[in-house]
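Remarks on the structure that follows.
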Amino acid sequence: MVFGLLLSVLVTLLHWYLWKRLVKDTTRPGPVRRVLTWVLVGLTVLLVATLVLPRVIGPTRSTWFAWPGYVWFALLIYLFLTLAVLELPRLALRGWARRKPLEASATADTSAQAESTVPEPTVAEPAPAGLSRRLFLARTSAAVAGAVSVGTVGVGMANALGPPDLLRVPIRLRTLDPAYDGYRIAVVSDIHLGPISGRAHTERIVRIINETSPDLVTIVGDLVDGTVDELGPAAAPLRDLVSRDGAFFVTGNHEYFSGNPLAWLRELERLGVHPLRNENTAIGRAFDLAGVNDLSGRSIDDGPDFDRALSGVSSSRPTVLLAHQPVQVSDAAARGVDLQLSGHTHGGQLWPFHYVVGLQQGALAGLSTVDHTQLYVTRGAGFWGPPVRVGAPPDITVLSLHSAG
């Protein structure tokens, strides 16, 4: 309830700012301003409903308003950002805008009147109302903000709804047996089945992964935004994943937000995807594969336990860890993990939020090293909220392991 109240206040304040800049400043009092005001009120209600109601009535019943609601959410973000940037030129031109309005005025020819001895009767016509400098500046700013926002969101939707990029990344591991040189691990995360992404989204991801002929498939959390009853059919194509050594899964924060992560773990087992809940398994003689629960699991006493997850792993072969959030790599590095695979960040999803996510998680996307532990972060194959990705295209990654010796 507190979260919903704070969210409603924030959304209302953002819409008030848009009303001030896009409606009040660009129109004169009258019916046009009233209509636009009520349109913005309606969009405010739509967005609050989109952010809150799927948790109440379920994602599958929310599709009809989630689409326009989330698209408006993205437009709201970029309208706000663009208008905020335009405040600087507006401030610089404030003096110019306060000068006398530019008016078209009708003037009589005084010299002709002076020569006429008997002036003809005339009917006075009021000069047309001119466009004030302030109104001109407000409308120009609104037009620029609208064009930038619509263009940005349009390109971002094409990125988010199109097929994920297929990335191939070589990884060198110190203790990998040369017999397993070239071993392929498919990494996918943040599929986010929900009110917008459904069964077709899963089917495309499964098809792309299978076409790479991986030796192992890893799903690094945030598969769903809803319950098994609501989204089970959308996840069902995961049973068609094909790999020599199976498919494995660890929880992300959204599995815990769904309300019953254990139900999803049972469903994934039924589909042939094996959850790793603070545990590990040997992948032949190639490496030990471990997985830890997401940090959000602490809310129900189901958080990560690195010591338990890494108990019994062999020092003679590499250890590969699945952990949803990149920030968990510090615990992995302290325990000598060779490679951690993560998601969660979406690569930032919406520029310029990349910078905030990178600061919070320590890594945004791609391959990096923390102490002696390599960290690979996928941008994810789906999206949360707006079906928009700006500067962060979705991806599925195939890692090829190679011996460093």
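All residue numbers refer to positions in the sequence shown, counting from 1. What you see is a predicted model; the values in this text were computed from it and never measured.
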For the residue pair [Y] / [X], report whether a side-chain donor-acceptor contact shorter than 3.5 Å exists.
| X | Y | result |
| --- | --- | --- |
| T373 | D371 | no |
| D294 | S296 | yes |
| Y256 | S299 | no |

Restricting to non-hydrogen atoms, name the atom on [X] and the atom on [Y] that form the minimum distance, rounded to 0.1 Å.
| X | Y | answer |
| --- | --- | --- |
| L193 | L231 | O-CD1, 3.4 Å |
| P304 | V292 | CB-CB, 4.1 Å |
| L367 | I171 | CD1-CD1, 3.5 Å |
| A323 | Q328 | CB-OE1, 3.6 Å |
| S403 | R172 | O-NH1, 3.1 Å |

>> With a 6.0 Å cut-off on the ring centroids, do W264 and H254 count as close?
In response: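 They do not qualify: ring centres at least 6.0 Å apart.
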> Aromatic ring centroids of F287 and Y183 under 6.0 Å?
Replying inline: yes
>> D25 and salt bridge (charged side-chain N to carboxylate O under 4.0 Å, His left out): which single residue from R139, R90, R33 fits?
In response: R90
Salt bridge check: are [X] and [Y] linked by an N-O gap of less than 4.0 Å?
| X | Y | result |
| --- | --- | --- |
| E269 | R266 | no |
| D177 | R317 | no |
| R207 | D240 | no |

> How are the rings of H15 and W72 set relative to one another: parallel (under 30°), tilted (30 to 60°) or perpendicular (over 60°)?
Replying inline: tilted
>> Return the CD to CG distance between E255 and D225, rounded to the nearest 0.5 Å.
In response: 8.0 Å
>> Tell me whether R61 at atom CZ has more than 12 heavy atoms from other residues, nucleotides or ligands lying less than 6.0 Å away.
In response: no
> side-chain contact (heavy atoms from CB on, under 4.5 Å) between T50 and F65: does it pass, once the steps are laid out?
Replying inline: CA-CA 7 Å; T50 300; F65 63 82; 3.8 Å; yes
> Under the side chain to side chain donor-acceptor pair (under 3.5 Å) criterion, do T227 and D229 qualify, and how do the steps go?
Replying inline: CA-CA 5 Å; T227 66; D229 289 340; 5.1 Å; no
> Who pairs with D165 by salt bridge (charged side-chain N to carboxylate O under 4.0 Å, His left out), at least two apart in sequence or on another chain?
Replying inline: R379
>> Go through it in stages, so that I can follow the logic: the residues are I191 and S197, the test is side-chain contact (heavy atoms from CB on, under 4.5 Å), and I'd like the CA-CA distance, side-chain angles, deciding distance and then a yes or no.
In response: CA-CA 8 Å; I191 294 173; S197 298; over 6 Å; no
> Taking side chain as C-beta onward, heavy atoms only, is T212 less than 4.5 Å from R184?
Replying inline: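 Answer no - side chains too far apart.
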